[in-house]
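Because only heavy atoms are used, hydrogens play no part in the values below, and waters and symmetry mates are left out as well, while side chains stay in. Order of appearance sets the numbers: ligands from 1, and atoms from 1 within every ligand. Nothing fancy with the numbering, it's 1 onward along the sequence.
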Amino acid sequence: MSEPSIFTRILDGDIPSEIIAETENVFAIRDIAPQAPVHLLVIPKSADYRNVVELAAGDPALLAEMVGLANTLAAEHTDGDFRLIFNTGPNAGQTVFHVHAHVLGGGLEEHTL
Ligand code: 5GP
C-alpha cells in the first residue's frame, strides 16, 4: 500500500491543520503557503483520484460537491468571487497527488489570466 497523502493525514488528525468546512465527502483547509489574500484548499475525503481529470471521469458528482463547497467558502471568506485552480501534473505545479482545488479570492483584479 502507498503512503497516505498529506491531505489524508490532515483529515485523520495526524498533521495539524484546522478543517474550516466540510460536507459529506469533501473538506477544506487554509493553504499553508497562501498565494492570495484568501487561499483555501477544497479536497475530497477519499484519496481515490489523483487529479481533476480522473475525478471528472470517475465521480462527477464529487467534483460538483467540491465546486459547491468552494462557492460557499468564497461567499464566507471573500466577496463571493473566486478563482478555482486544479494543478494537473508535476509540470503544471501539482505536488500533492490527491485531487484538490485551490480557491483563491481577494485582490485578484490585477491577475491577467
Ligand atoms: P499543488 O501544488 O499540488 O497544486 O497544491 C498543494 C498545496 O498544498 C500547496 O499549495 C501547498 O502549499 C499546500 N500544502 C502542502 N502541505 C500542506 C500542509 O501541511 N498544510 C496545508 N494547510 N497546506 C499544505
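Of the possible polar contacts, none joining the His100 side chain to the Ala28 backbone as a donor-acceptor pair under 3.5 Å is found. Remark: side-chain polar atoms of Glu65 are not paired, donor with acceptor, to backbone N or O of Thr23 under 3.5 angstrom. Judged purely by atom type and a 3.5 angstrom limit, Asp12 has no side-chain atom pairing as donor or acceptor with the backbone of Asp14. Of the possible polar contacts, one joining the Lys45 side chain to the Glu24 backbone as a donor-acceptor pair under 3.5 Å is found.
Using a 4.5 Å heavy-atom cutoff, the side chains of Ile29 and Glu18 are not in contact.
Glu76 meets the salt bridge (Lys or Arg N to Asp or Glu O under 4.0 Å) test with no other residue; sequence neighbours excluded.
Protein residues having a heavy atom under 4.0 Å from any atom of ligand 1 are Ile6, Phe7, Ile10, Ser17, Ile29, Arg30, Asp31, Ile32, Ala33, Leu41, Asn87, Gly93, Gln94, Thr95, Val96, His100, His102, listed by chain and number.
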